[in-house]
Amino acid sequence: MALPSLSLYVHLPWCVKKCPYCDFNSHGLKGALPESTYVDALLKDLDQDLPRTGGREVQTVFFGGGTPSLFSAENIGRFLAGVRARMPVAAGAEVTLEANPGTVEHGRFAAYREAGVTRLSIGVQSFDPKKLEVLGRIHSSEEAGRAVEEAHAAGLHNFNLDLMYGLPRQTLEEAEADIRQAMTLMPAHISHYQLTLEPNTLFHAHPPVLPDEETIWSMQQRCQELLAAHGYGQYEVSAYAQPGRQARHNLNYWRFGDYLGIGAGAHGKLTDASGAVTRLWKLKHPDAYLESAGTPKSLGGVSQLSEGDLAFEFMLNRLRLTSPFSAGEFESATGLPLGRVQPGLDRAVELGLLDAVPEGWRVTSRGQNYLNDLQSLFLLAEDAGRKVRA
């Protein structure tokens with residue numbers, strides 16, 4: 001069988017301070033950032049995983065965190081050079097770096113571009129000073145604007161702005177104002193997602209007062225209308241892009257492609273020549289990772305997916321996209337017959353969560369709004385008690 005497209009995810013776990021809503025593997029920086037040592041560890045980690053790639057070409061690279069923009073362009077470039085020395089990288093590969101406006105110095109984006117970065121994802125979250133304070137963000141709305149100016153000046157016009165809605169005590173008018181302000185900055189892509197109170201976060205332990213469900217629903221609807229009116233097409237539940245500017249790295253995830261996961265706490269999904277799919281993840285704590293990178297001790301776990309896992313995880317990811325999917329896409333990505341998910345497809349159509357279309361199936365507006373319910377139709381009984389490794 002043909003192996004899936006391959007991406008590379010690189011986790012840089014440090015940030016200036018942990019935000020109260022964040023459940024990612026991020027750690028407030030204490031002392032000097034061990035940039036050079038960590039890049040050495042990343043390359044050892046990559047060496048360890050290379051035999052699992054089957055010699056495939058990397059199509060996209062994504063530096064996530066944490067706050068990757070704490071790392072210098074020199075060390076980002078050194079890592080990318082190390083990748084290219086070890087494995088083929090596609091011409092025109094998308095290379096994304098997450099950036100916090102509060103950590104961007106003048107001229108730094110130009111240096112990142114010179115190092116090989118082709119796309120930025122800027123974590124704005126809101127332009128409202130009071131909301132930024134509540135969210136524990138270290139930047140101001142003015143700094144967010146200056147970061148975008150830096151991106152344009154550096155020629156990095158392909159950038160994403162992260163925005164949240166449903167913020168503590170936020171009104172519909174305030175959510176709309178954030179979207180309008182974002183669009184004046186001319187991003188190629190906007191991620192717009194609802195704040196949720198995740199376990200093991202400060203907000204979960206001490207919940208702030210959030211808008212009611214009706215207000216949140218109005219925020220979602222109104223902001224979607226504004227984005228569409230200004231040429232930002234929704235192609236995923238929380239992602240909107242100008243034509244041709246969809247995030248290629250994230251599309252690979254949602255289409256059930258393969259990816260290497262390098263760095264502390266990073267997860268990977270890899271398919272071998274027989275079609276078996278393995279998930280593996282690295283130790284989460286930076287100190288433990290640095291001590292063991294490149295050795296089997298760095299693995300937090302390895303798990304081969306069952307047929308039930310494959311079917312469910314394909315649907316879990318693919319149903320996030322607004323584009324239709326076909327029987328052939330499911331069978332090619334999983335190696336399973338469509339019959340494995342046919343009962344769920346039929347039930348989803350019956351409930352109005354999917355439409356049967358000439359190409360196959362498309363998620364309806366109702367399906368997007370009740371995505372968890374739609375996805376659960378494909379969680380088979382024998383797998384219902386097992387933790388999904390997504």
Under the 3.5 angstrom rule, does the side chain of Glu331 hit a backbone N or O of Leu338 as a donor-acceptor pair?
yes
Might you work through the side-chain hydrogen bond (donor to acceptor under 3.5 Å, both in side chains) test for Tyr193 and Gln125, ending with a clear yes or no?
CA-CA 9 Å; Tyr193 51 96; Gln125 313 312 349; 3.2 Å; yes
Hey, quick one: are Leu50 and Leu42 part of the same hydrophobic cluster, counting side-chain heavy atoms closer than 4.5 Å, chains of contacts allowed?
yes
Angle between ring planes, Tyr253 versus His249, binned at 30° and 60°: parallel, tilted or perpendicular?
perpendicular
Please answer whether the main-chain N or O of Leu226 pairs with a side-chain N or O of His230 as donor and acceptor at a distance below 3.5 Å.
yes
So, Glu236 side chain and Ala239 main chain: donor-acceptor pair closer than 3.5 Å or not?
yes
Would a distance-only check, ignoring hydrogens and angles, find a side-chain to backbone donor-acceptor pair under 3.5 Å from His11 to Asn25?
yes
Charged N-O contact under 4.0 Å between Arg279 and Asp309:
no
Strictly distance-based, threshold 3.5 Å: is any side-chain N or O of Glu35 a donor or acceptor partner for the main-chain N or O of Ser72?
yes
Would Ser191 and Ser238 count as a side-chain hydrogen bond (donor to acceptor under 3.5 Å, both in side chains) here? Give the steps.
CA-CA 6 Å; Ser191 297; Ser238 303; over 6 Å; no
Using side chain to side chain contact (heavy atoms under 4.5 Å, CB included), reason through Val357 and Phe325 one step at a time and then give a plain yes or no.
CA-CA 9 Å; Val357 295; Phe325 64 95; over 6 Å; no
Would you say that more than 12 heavy atoms from the other residues, nucleotides or ligands in this model lie under 6.0 Å from the CD of Glu350, or not?
yes
Under a 4.0 Å threshold between the charged nitrogen and the carboxylate oxygen, would Lys297 count as salt-bridged to Glu291?
no
If you apply the rule side chain to side chain contact (heavy atoms under 4.5 Å, CB included), what do you find for Leu283 with Ser292, and how did you get there?
CA-CA 9 Å; Leu283 294 177; Ser292 60; 3.6 Å; yes
Is there a donor-acceptor pair closer than 3.5 Å between any side-chain N or O of Arg137 and the backbone N or O of Gly123?
yes
I'd like to know if Asp47 and Arg86 make a salt bridge, using a cut-off of under 4.0 Å between side-chain N and carboxylate O.
yes
Common cluster, Tyr9/Val117, ILVMFWY with side-chain heavy-atom separation under 4.5 Å
no
Measuring only between side-chain heavy atoms, which start at C-beta, is Leu354 closer than 4.5 Å to Val363?
yes
Can you see whether Lys269 engages Thr278 through a side-chain donor-acceptor pair at a distance of less than 3.5 angstrom?
no
Could you work out, with side chain to side chain donor-acceptor pair (under 3.5 Å) as the rule, every residue matching Arg362, not counting sequence neighbours?
none
Gap between atom OG1 of Thr171 and atom CG of Asp128 - 0.5 Å precision
8.5 Å
If you take the centroid of each ring, where Trp contributes its six-membered ring, are His189 and Tyr240 closer together than 6.0 Å?
no
Is Arg340 salt-bridged to Glu307, going by a charged N under 4.0 Å from an acidic O?
yes
Value for CG (Leu316) from OG (Ser376), rounded to nearest 0.5 Å, stands at 10.5 Å
Between Phe256 and Phe330, does the ring centroid distance fall short of 6.0 Å?
no
Arg320 side-chain N/O to Met315 backbone N/O, donor-acceptor pair under 3.5 Å:
no
Using the six-membered ring wherever Trp is involved, compare the ring planes of Phe79 and Phe63 and label them parallel, tilted or perpendicular (cut-offs 30° and 60°).
perpendicular
Just wondering, are more than 12 heavy atoms of other shown residues or ligands nearer than 6.0 Å to CD in Glu359?
yes
Does atom CG (Asn200) have a neighbourhood of more than 12 heavy atoms from anything else shown, all under 6.0 Å?
no
Answer yes if the ring centres of Phe159 and His152 are under 6.0 angstrom apart, and no otherwise.
yes
Cationic tip of Arg366 within the cone over Tyr370's six-membered ring, i.e. under 6.0 Å and within 45° of the normal?
yes
Might you confirm whether atom CD of Glu225 has over 12 heavy atoms from other residues, nucleotides or ligands at distances under 6.0 Å?
yes
Looking only at side-chain N and O atoms, does Asn317 offer a donor or acceptor that is under 3.5 Å from a partner on Glu313?
no
Evaluate Arg146 against Ser141 for side-chain hydrogen bond (donor to acceptor under 3.5 Å, both in side chains), listing each step before the verdict.
CA-CA 9 Å; Arg146 286 197 292 271; Ser141 57; over 6 Å; no
Met164 and Ser126: side chain to side chain contact (heavy atoms under 4.5 Å, CB included), yes or no, with the steps?
CA-CA 7 Å; Met164 293 193 291; Ser126 177; over 6 Å; no
Are more than 12 heavy atoms, taken from residues, nucleotides or ligands other than Lys284, located less than 6.0 Å from that residue's NZ atom?
no
Quick check against the 3.5 Å criterion: does Asp45 have a side-chain atom that pairs as donor or acceptor with the backbone of Gly263?
yes
Interatomic distance, Trp361 atom CH2 to Ser326 atom OG [nearest 0.5 angstrom]:
8.0 Å
Do Thr118 side-chain atoms and Glu94 backbone N/O form a donor-acceptor pair below 3.5 Å?
no
Classify the side-chain pair Arg78/Ser36 by whether it contains a donor and acceptor separated by less than 3.5 Å.
yes
Would a hydrophobic clustering, with Ile, Leu, Val, Met, Phe, Trp and Tyr connected at side-chain separations under 4.5 Å, put Val237 with Leu374?
yes
Checking Asn252 against Asn250 for the side-chain hydrogen bond (donor to acceptor under 3.5 Å, both in side chains) test, could you report, in this order, the C-alpha distance in whole Å, the side-chain angles of both residues, the deciding distance, and whether it holds?
CA-CA 5 Å; Asn252 188 51; Asn250 290 341; over 6 Å; no
Give a yes-or-no answer on whether the side chains of Ser298 and Gln48 include a donor-acceptor pair shorter than 3.5 Å.
yes
Check whether Tyr259 and Leu280 end up in the same hydrophobic cluster, where Ile, Leu, Val, Met, Phe, Trp and Tyr are linked by side-chain heavy atoms less than 4.5 Å apart.
no
Linked, directly or transitively: Leu70 and Val95 (ILVMFWY side chains, under 4.5 Å)
yes
Within the 4.5 Å heavy-atom criterion, are Leu80 and Ile76 side-chain neighbours or not?
yes
Derivation of the side chain to side chain contact (heavy atoms under 4.5 Å, CB included) call for Asp272 and Arg52:
CA-CA 7 Å; Asp272 67 21; Arg52 298 178 183 269; over 6 Å; no
I'd like to know whether CD of Glu133 has more than 12 heavy-atom contacts from other residues, nucleotides or ligands below 6.0 angstrom.
no
May I ask you to check whether His285 and His27 place their ring centres under 6.0 Å from each other?
yes
Which value, rounded to the nearest 0.5 Å, describes the distance between Thr103 atom OG1 and Leu29 atom CG?
11.5 Å
To the nearest 0.5 Å, tell me how far Glu176 CD sits from Cys223 SG.
7.0 Å
If we ignore hydrogens and angles and just use 3.5 Å, is the side chain of Glu143 paired with the main-chain N or O of Ser140 as donor and acceptor?
yes
Straight-line distance of Gln242 CD to Met183 CE, nearest 0.5 Å
11.0 Å
Residue from Leu197, Leu167, Leu135 passing side chain to side chain contact (heavy atoms under 4.5 Å, CB included) with Tyr21
Leu135
